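Please read the structure below before turning to the comments.
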Amino acid sequence: MKIISDIQELRDHLRGQNRASFVPTMGNLHEGHLSLMRLARQHGDPVVASIFVNRLQFGPNEDFDSYPRTMQADIEKLEKEGVYILFAPTERDLYPQPQEYRVDPPQQLGDILEGEFRPGFFKGVCTVVLKLFSCVQPKVAVFGKKDYQQLMIIRQMAKQFALPVEIIPGETIRAEDGLALSSRNGYLSAKERTEAPELLKALKEVRQRVLDLNVRDAISLSKIEQAAVASLAGRGWQPDYIAIRQQCDLAPASNENLEAGEPLVILTAAKLGKTRLIDNLEI
Ligand code: PAF
């Protein structure tokens, strides 16, 4: 595997390749990322991965400094997956000048859910992803469904800018007890780790209540959301949201959507101690 930090050197290496398949990451790779590498291999060749902890997408009180950086272990994992190039730019490589041009996603997608609780997050994500796309110029790029809203926003960005890249979604990989794999799981204490699978259990309970719902019932979807938030809070979590949304645009779901059998998704973010976890479940 070639490890490249310089944009020009990356372009030289990829010259003439028009089927490259790309997986952007922030490193600290786990089985979830590796499953994305395997998916990337099915959709293009060569596979290019990137590791870059993107300052632009972290809020002032977030974990940019403490975000786990495990480059050596990551390199070994990527080599085993047959990744051809690891693009690992420094901040100076990727942002040689302050990044003043930014991609601002539309409010109705970028300022809801994660965007409401992490202002500017998706602007930072879109800006770096557009820049990484410009460096790698992949034919396809793979993003995990674990970051459901991110996947949707990147997909819309690619469409609206007519970027010549196909966005492929990768399924969430879970530990045996159901906890979605995430680099931030490493922040959990042993006690919190045993509690963490309750987040998926809460999503499954919401899904069951939605499926059992008779559309003519007086109970609204927001009541189901509120009950789930209260139940997690009762267990010691600090939930930011549990939201039942339409898959197509993440707009709030209604009983009419339910009646029409439209695909829905339940998204959640909640803090357990100091660790903020996110997850989602499609209906
Ligand atoms: O999902 C991530 O790890 C990041 O948001 C991404 C897409 C690599 C952009 O920094």
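Whatever order the structure lists ligands and atoms in, that order sets their numbers, starting from 1. What you are looking at is a predicted structure, and each value in this text was computed from that prediction instead of being measured.
- Taking the six-membered ring for Trp and the full ring otherwise, the centers of Phe58 and Tyr67 sit less than 6.0 Å from each other.
- Numbered from 1 in the order shown, with element, the atoms of ligand 1 that lie under 4.0 Å from a heavy atom of Val128 read 9 (C), 10 (O).
- In this structure, Arg41 fails the cation-pi test against Phe22, since its NZ or CZ atom is not both closer than 6.0 Å to the six-membered ring centre and inside 45 degrees of the ring normal.
- Against a heavy-atom cut-off of under 4.0 Å, Gln57 is close to the following atoms of ligand 1: 4 (C), 5 (O), 9 (C), 10 (O).
- The shortest side-chain heavy-atom distance between Gln156 and Pro105 does not fall under the 4.5 Å cut-off.
- Gln57 and Asn54 make their closest contact through OE1-ND2, 2.8 Å (heavy atoms, listed as atom of the first residue, atom of the second, distance).
- Checking only distances, Gln150 does come within under 3.5 Å of ligand 1, N or O to N or O.
- Taking the six-membered ring for Trp and the full ring otherwise, Phe52 and Tyr95 have centroids separated by under 6.0 Å.
- Residue-to-ligand polar distances keep Thr25 apart from ligand 1: every N/O pair is separated by 3.5 Å or more.
- When hydrogens are left out, the protein atom nearest atom 3 (O) of ligand 1 is Met26 CG, 3.6 Å; that is the closest non-hydrogen contact.
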